[in-house]
Protein chains: 2
Amino acid sequence: MSVSYEHPRPALTVDCVVFGLDEADLKVLLIRRELDPFRGRWALPGGFVRVEEALDDAARRELAEETGLSGVFLEQLYTFGALGRDPRERVVSVAYYALVKLGDHRVKAATDAREAAWFAVDDTPALAFDHDEILAVALERLKGKVRYRPIGFELLPPKFTLSQLQRLYEAILERPLDKRNFRKKALGTGLLVELDEVEQDVAHRAARLYRFDRRKYERLEKDGFSFEI
Amino acid sequence: MSVSYEHPRPALTVDCVVFGLDEADLKVLLIRRELDPFRGRWALPGGFVRVEEALDDAARRELAEETGLSGVFLEQLYTFGALGRDPRERVVSVAYYALVKLGDHRVKAATDAREAAWFAVDDTPALAFDHDEILAVALERLKGKVRYRPIGFELLPPKFTLSQLQRLYEAILERPLDKRNFRKKALGTGLLVELDEVEQDVAHRAARLYRFDRRKYERLEKDGFSFEI
DNA sequence: TCAAAAGTGTTCTGGATACACCCATGT
DNA sequence: ACATGGGTGTATCCAGAACACTTTTGA
């Protein structure tokens, strides 16, 4: 199969920065490259966009193929198109970032045929291509977005404690938060539903579980809401 | 000249949403298409990315070629890649938005060989391709960004009055602002330099002129600043 | 009874908002 | 003199920040 064009075209790829939360650590999912260039180096999952495939679909497909993940929160990040970012030829990459509930997926990704592993975001090896830069931009975006959009919940299980939520925000923002103020503000949004359950199997007082009220958020979002942590 | 590839590739373009301020109105620069598809319809300036050209460079080149603009503030917006957004073939477009000091460029753009004109952003004709959507996203972005980055100054001449600045913010945010509070806040940033000049040729008390202190802003930006209007 | 984390209230401060009048200038 | 926009100060309110102790539970 071969096609020809009047003018040369850049190749188009998608790359995904997949974030997960492991206890109190923010992690990113990387895969080890099996082919040149950068064979053996860790990289972001990604690949070529097909000609009959929307960008978001390409990102989801690559994510599924390379890491087994599906049904995750996914949002476009930025498009990287510097000359020379791929040593073979001109490649423009539309980067996405994804947020996954890590509990479900931890093992799967690590035992896939393709070698994949979670790394603490501040302790990654030198990545292939310009993926270090992409990761940095994704972290910046996450840090900014989490302050005015309740996307953090995408990283938590459906039922969570306020302490888990606080640790999440602390991990993303990279600074400690005051417990009382945090709880006041989190509950003050009115977007947390108090459940009649507590966490299990802990060696201390069990914390109450909450869930995120997505419906309510979506309703608020319609008519000029405002969410902040 | 013809090239061939193993797999078909989407074509890659850039499109630019160029904003300018005309008195108190926010305007966008459009060009009339001379070719099919959408011949005769208004569209955003843009065109194909060359294979040896960075994305930003492509955006600047197209802007210069189609509108005569150069040296403007330009930032990547979002990449649009839905299927069918171009009726001919698969085209992915990296959209940019630009901010220009309209005074300098008003005539030039309108008298270029190619027909180009400024339209009030809330009174544009139906645009070619998905350019209505791109424009909407750009407006959203501008509205958000102007609140925490002093990019508004890119739309004003180097010397401006506080009333001009206020009208600019009112135009972008689409709501009136209190004069006293606005001045307090604007001056409170410490980023405005009071000049020993006043505006000329007005039929009332002449307002003092200010300039934006870009150096100071860049210094602040380095070590965790914070700018808000 | 001890360890470990859950849970809770108040004070203070600073920025956001709301609001109305006098001033300078050109016609 | 008058019309036009320039320029200024204060009171109120609310959200954010700072801060420490008691409670519950399992080991």
Side-chain angles (χ1 to χ4, degrees), chain A residues 23-25 143-144 146-148 150 156-157 159-171 173-211 220 224-229, chain B residues 21 23-25 144 146-148 150 156-157 159-171 173-211 220 224-229:
Chain A
E23 305 301 326
D25 286 328
K143 217 183 259 193
V146 88
R147 296 175 59 94
Y148 64 96
L156 291 177
K159 300 175 181 182
F160 50 85
T161 70
L162 289 180
S163 293
Q164 278 179 289
L165 186 62
Q166 181 174 345
R167 278 195 296 273
L168 164 65
Y169 275 86
E170 289 177 332
L173 299 175
E174 293 180 295
R175 63 186 167 91
L177 299 171
D178 179 83
K179 182 163 62 159
R180 286 161 292 189
N181 294 336
F182 181 83
R183 292 164 97 92
K184 241 182 299 174
K185 214 163 161 183
L187 293 173
T189 63
L191 294 173
L192 297 184
V193 180
E194 183 175 321
L195 302 175
D196 282 329
E197 294 175 67
V198 295
E199 58 181 345
Q200 301 296 322
D201 304 318
V202 287
H204 54 77
R205 175 176 177 180
R208 179 174 294 277
L209 291 171
Y210 292 81
R211 69 173 178 81
L220 287 176
F225 62 111
S226 139
F227 167 94
E228 298 236 354
I229 284 284
Chain B
L21 189 76
E23 304 302 324
D25 287 329
V146 87
R147 296 175 59 93
Y148 64 97
L156 291 177
K159 300 173 181 181
F160 50 84
T161 69
L162 290 180
S163 292
Q164 278 180 289
L165 186 63
Q166 181 176 344
R167 278 195 297 273
L168 164 64
Y169 275 87
E170 289 176 333
L173 299 176
E174 293 181 293
R175 62 185 167 92
L177 300 172
D178 180 82
K179 182 163 64 159
R180 287 161 290 190
N181 295 335
F182 180 83
R183 290 171 169 248
K184 243 182 297 174
K185 212 161 163 185
L187 293 173
T189 63
L191 293 173
L192 296 184
V193 181
E194 182 177 320
L195 301 175
D196 282 329
E197 292 175 71
V198 294
E199 59 180 346
Q200 302 297 319
D201 304 318
V202 286
H204 52 79
R205 175 175 176 182
R208 182 174 293 278
L209 291 170
Y210 292 82
R211 69 172 178 81
L220 288 177
F225 63 112
S226 138
F227 168 94
E228 299 235 353
I229 284 285

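Just so you know, these numbers use all the heavy atoms, side chains as well, and skip hydrogens, waters and symmetry mates. These numbers come from a predicted model, not from an experiment. Throughout, protein chains are lettered first and strands after them, A, B, ... in sequence-line order, and every chain is numbered starting at 1.
- Comparing Ala206(B) and Ala203(A) along DNA chain D, the residue whose closest nucleotide (by nearest heavy atom) sits nearer the 5' end is Ala206(B).
- When side chains are defined from C-beta on, Leu162(A) counts as touching Leu187(A), because their heavy atoms get closer than 4.5 Å.
- Place Arg183(A) and Val202(B) on DNA chain C by their nearest nucleotides, and Arg183(A) ends up nearer the 5' end.
- Atom-to-atom, CG of Leu195(A) to P of dA6(C) comes out at 16 Å; the value is rounded to the nearest Å.
- Looking only at side-chain heavy atoms (C-beta outward), Gln166(A) and Pro176(A) stay at 4.5 Å or farther from each other.
- Rounded to the nearest 0.5 Å, atoms CG (Leu192(A)) and CZ (Arg183(A)) are 11.0 Å apart.
- The shortest distance between side-chain heavy atoms of Leu209(A) and Val198(A) does not fall below 4.5 Å.
- Panel note: side chain Glu23(B), backbone Leu21(B); no donor-acceptor pair is recorded below 3.5 Å.
- Per the geometry, NZ belonging to Lys179(B) stands 14 Å off P belonging to dC21(C), to the nearest Å.
- To the nearest 0.5 Å, atoms CZ (Arg167(B)) and CG (Leu156(B)) are separated by 9.5 Å.
- Here the P atom of nucleotide dA4(C) and the CZ atom of Arg167(A) are 15 Å apart, to the nearest Å.
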List every contact pair, protein side and nucleotides 9-15 of chain C side both N or O, where the distance is under 3.5 Å.
unit_1	atom_1	unit_2	atom_2	d
dT10(C)	O4	Lys184(A)	NZ	2.8

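- Distance CZ/Arg208(B) to CD/Glu197(B): 10.0 Å, rounded to 0.5 Å.
- The nearest whole Å value for the distance from the CG atom in Leu165(A) to the C1' atom in dA6(C) is 15 Å.
- The CG atom of Leu168(B) sits 12.0 Å away from atom CG of Asp25(B), with the distance rounded to the nearest 0.5 Å.
- When DNA chain D is scanned 5' to 3' for any atom under 4.0 Å from a heavy atom of chain A, the first and last hits are dG16(D) to dA27(D).
- OP1 and OP2 of dA5(C) both lie 4.0 Å or more from every side-chain N or O belonging to Ser163(A).
- Between Asp196(B) atom CG and Glu194(B) atom CD the span is 7.5 Å, to the nearest 0.5 Å.
- Here dA16(C) presents its C1' atom at 15 Å from CZ of Phe182(B), a figure rounded to the nearest Å.
- Atom C1' of nucleotide dT25(C) and atom NE2 of His204(B) are separated by 9 Å, given to the nearest angstrom.
- When rounded to the nearest whole Å, the span between CZ of Arg205(B) and P of dT27(C) equals 17 Å.
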